[in-house]
Amino acid sequence: MLQSLNPEQRRAVEHFEGPCLVLAGAGSGKTRVLTTRVCHLVMEHGVPPDRILAVTFTNKAAQEMRERVVSMLGGEPKGIWMSTFHALGARLMRRHAPGLGWTRAFTIRDADQSLREIKKAQKSVDVDPLQCSPRAVRDRISDAKNHLIGVEEFRETYAGRDLFLSRVAIVYGAYQEALKRQDAMDFDDLLVLPVRLFENNPELLSRYRQLFSFILVDEYQDTNRAQFRLLELLAADHRNLMVVGDDDQSIYGWRGADIRNILDFEKSFPGAEVVRLEQNYRSTPVILGAANVVIRQNVDRKAKTMRTDVVGGAPITLVEAASEADEGRWIVEEIERLMLANPEYDHSDFAVLYRTNAQSRALEDRFRLRGLPYQIVGGVRFYERREIQDVLAYLRLISNPRDMDGFDRVVNYPRRGIGKTSLGRLAVFAREAGIDLFEAAGRGEEVPGLVPGARRGLKEFAGLIGRYRERGGLLTAGEILEELIEELDLESRLRSEGPDGRERAENVLELIAAARDFEAEQVMELDEGDRDAFTDLDLFLQHVALVTDLDFHDSVADAVTLMTLHSAKGLEFPVVFISGLEEGLFPLLRSYEEPRLLEEERRLFYVGITRAMERLYMTHARRRRRAGETMFGRLSTFVNVLADRVETKSTDLVSGSWTGYGRRGRESTQSQPSRAPTDYAGSPDDGSDFNQDRPRYVKGERVVHQTFGSGTIAEISGFGRDLKVAVDFDTAGRKKLLVRYAGLERDYL
DNA sequence: CGTAATACCCTTTTT
DNA sequence: GGGTATTACG
């Protein structure tokens, strides 16, 4: 088992008790270390598998770990807890939710559903969605939860101090009550509630401390406050906690991940053994050298330098394209060229990475045009599609009668003649009778003022859901879905909606197939009594809520992978293209506001570079359409430090063939930044276009307004045409302005 | 109540 | 530019 490990890896694997921090650089074989250690604990130390808890961030990582452990042990380690943080939280709550005011069959809400709930909550407490964007409110609440700040604490902290945040506090309270009332939890609750559970229940906590005698955590650099606290609680006694991570790959700060968790691990767990894995088994020295040079620019990190024994390697190519279409075309043709020249390459050996999902469209067009097989990971997720959400809303409502989000979504889908007015009347009736909407719908004939059509529609709807609910425990999720879609005649309804509808119908069929394939054991090992607590449907819905598009990525499919840099973490490809390397796009405009953000962007770049095993390409487009506008960007400053390590090419077309091959990097890359946007052929200079590379306004900057006078920029939101700033004016207070109209000028005083 | 026109958001990344 | 949410009419 230990044979093929290097001395450091071996030290990590052989670590037995006490805290241990494994600083595992990119491509250093950390998954191998984790899985081997699990096996080592079981085989060499005789630790029962069910006393081991291994946590990851993605289902895919958990699955991969499980598979590797199974193959190493030659069988399924019975009872081992191996899952994502969220699935762990869900599993704990499936056992203990009643202690906190939910039932064991609670519903899990995704971010979209949360947003709708926030909107309703804002309406109920009269917070204007135009003044407080529901999205911003949701993100703020999510942030609070990830920092374990409850409603009370939030309110006390911000009441009377900050107008926006004190309003958020009000919404937060209403939102949380609404969730509880509906027996629903959002993603963050899956982390927060287990912490609350253990904090309030020392006896239960000590039982779990014994159960989880050994805890292993993957991607530790991405843990947030709540996750840290959960680990701290569970590991406090025995301290048998091994965390594996790489501070240089911390790219989820925006989601509350706290890089300090890994940087300060030795302080949190004194006496921790520290193992550094600096041997890279993935990339050529050319690629690794570039990665090292890039990440060295960051200040806030644990210094380390990755080494490799691999020799040689193709040079890194930097490509300048005229537009995003040009960029896509060049990438597609280069892939074809490489595949011709290197028969050992398969489509699955290539990945095209980008900063934002929106960039995938232009690339996709080019791939389709040339008939090059590809798979896009991320973007509009399967389970977020409208038709899928509609059908799932039915299932949620059948599973959980209190799920009002599902109710609202499908009460009039398909059309039952129930509009806003009827729903309003129903709500009034329900409130006065002290019953919920669903029950009120069943008593439609008693609701005053309803038109006969609506009355009939409501009865019909209530009857339909009621019938399935009665049989809920007897049917599988797949059976319910099939019958339901048949009964509602959904498939042909969708098909009659035209070409889009046909695709929707196909998606619905795919959902049925997924439900039929589903086995409850995928979600969790069912304990005694669970059979009565949950239906197959309940667990299918949990599965659907926690699965992501990333989990569908097929690394062996005969197709090029297109994905965001974030999604690419943890993967590797022989050939990698990092596209869209323009100032303002990567690094993203907003990150100029704070060095911390810029460093995170650079880590993201580092993650991208280190995905590549053999060949690495970086591309940028001089002109790119973003949100309906043409933006002009110059080469990303991230590439500057690589100037003498890359070969520069240009895609400029001269009589049908590419030119510019082999131009040496230095002078051409460095001359880029000085070029003015208007140099580019065909760029209209009417002021309607934006240079995306430089923030025109920066947080904290002083500006002057015609009527409001001088002030300081407090916030920046939107971009391009919709760029908005919030300015704290010295005399006029805070104003939110559309930059386009505001006529702000810099205040030089 | 349903459809069509319109307004408005968005583009950072995800469990 | 594209998609959704809101409003305007039939």
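To find a chain, count down the sequence lines: A is the first, B the second, and so on, and within it residues start at 1. Keep in mind that this is a model prediction, so the values were computed, not measured.
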- [ ] Identify whether any heavy atom of A/Phe586 sits under 4.0 Å from a base atom; if not, whether one sits that close to sugar-phosphate; answer base, sugar-phosphate or nothing.
- [x] nothing
Name the pairs: protein N/O against N/O of nucleotides 3-7 of chain B, kept only if under 3.5 Å.
| residue | atom | partner | partner atom | Å |
| --- | --- | --- | --- | --- |
| B/dT3 | OP2 | A/Arg415 | NH1 | 2.8 |

- [ ] Considering just the side-chain nitrogens and oxygens of A/Thr58, establish if one lies under 4.0 Å of OP1 or OP2 belonging to B/dT14.
- [x] no
Task: Contact nearer the 5' end of DNA chain C, comparing A/Arg625 with A/Arg116 - done: A/Arg625
- [ ] Indicate yes or no: does A/Arg109 engage A/Asp186 in a salt bridge with an N to O separation below 4.0 Å.
- [x] no
Open item on the list: According to a cutoff of under 5.5 Å between the ring centres and under 30° between the ring planes, does A/Trp254 stack with the base of B/dT13?
Closed with: yes
Open item on the list: At 4.0 Å (heavy atoms only), tell me whether A/Phe57 reaches a base, stays on the sugar-phosphate, or touches nothing.
Closed with: sugar-phosphate
Open item on the list: Would you say A/Arg624 places a side-chain N or O within less than 4.0 Å of OP1 or OP2 belonging to C/dG1?
Closed with: no
Task: DNA chain B: 5'-proximal contact among A/Ser133 and A/His566 (nearest heavy atom) - done: A/Ser133
TODO: Taking only the side-chain nitrogens and oxygens of A/Thr548, find out if one of them lies under 4.0 Å from OP1 or OP2 of B/dT15.
DONE: yes
- [ ] By nearest nucleotide on DNA chain C, pick out whichever of A/Arg361 and A/Lys420 is the more 5' one.
- [x] A/Arg361
Open item on the list: If you go through the side-chain atoms of A/Arg255, does one of them form a donor-acceptor pair with the base of B/dT13 closer than 3.5 Å?
Closed with: no
Open item on the list: When you measure from the side-chain N and O atoms of A/Asn146 to the phosphate of B/dT15, is any distance below 4.0 Å, counting only OP1 and OP2?
Closed with: no
- [ ] Round to the nearest Å and state the distance from A/Tyr354 atom OH to B/dT11 atom P.
- [x] 15 Å
TODO: Between A/Val451 and A/Leu130, just flag the one whose closest nucleotide in DNA chain B comes earlier from the 5' side.
DONE: A/Val451
Open item on the list: Is A/Thr564 close enough to B/dT14 that one of its side-chain N or O atoms is under 4.0 Å from OP1 or OP2 there?
Closed with: yes
Open item on the list: For A/His566 and A/Tyr252, I'd like to know if the aromatic rings sit close, meaning centre-to-centre distance below 6.0 Å.
Closed with: yes
Open item on the list: Given A/Arg355, which partner from the list A/Glu582, A/Glu601, A/Glu583 fulfils the salt bridge (Lys or Arg N to Asp or Glu O under 4.0 Å) test?
Closed with: A/Glu601
Task: Side chain A/Gln389, main chain A/Tyr383, donor-acceptor under 3.5 Å - done: yes
Open item on the list: Looking only at the aromatic ring of each residue, does the gap between the centers of A/Phe461 and A/Phe407 stay below 6.0 angstrom?
Closed with: yes
Open item on the list: For a quick check of understanding: with a heavy-atom distance under 4.0 Å over all strands, which category does A/Asp110 fall into, base, sugar-phosphate or nothing?
Closed with: nothing
TODO: Give one of base, sugar-phosphate or nothing for A/Asp188, where a contact means two heavy atoms less than 4.0 Å apart.
DONE: nothing
Task: Sugar-phosphate only, base, or nothing, as touched by A/Leu550 at under 4.0 Å among non-hydrogen atoms - done: sugar-phosphate
- [ ] Go through the N and O atoms of the side chain of A/Arg626 and the base of B/dT11, and report whether any donor-acceptor pair is under 3.5 Å.
- [x] no
- [ ] May I ask you to test the A/Thr84-A/Phe57 pair for a side-chain heavy-atom distance under 4.5 Å?
- [x] no
TODO: Check whether any side-chain nitrogen or oxygen of A/Asn357 sits under 4.0 Å from OP1 or OP2 of B/dT12, and answer yes or no.
DONE: no
Open item on the list: Using the rule side chain to side chain donor-acceptor pair (under 3.5 Å), only one of A/Arg624, A/Arg366, A/His620 pairs with A/Glu327; which is it?
Closed with: A/Arg624
Open item on the list: Here's one to test your reading of the geometry: is the NZ or CZ of A/Arg140 within 45 degrees of the ring axis of A/Phe164 and under 6.0 Å from its centre?
Closed with: no
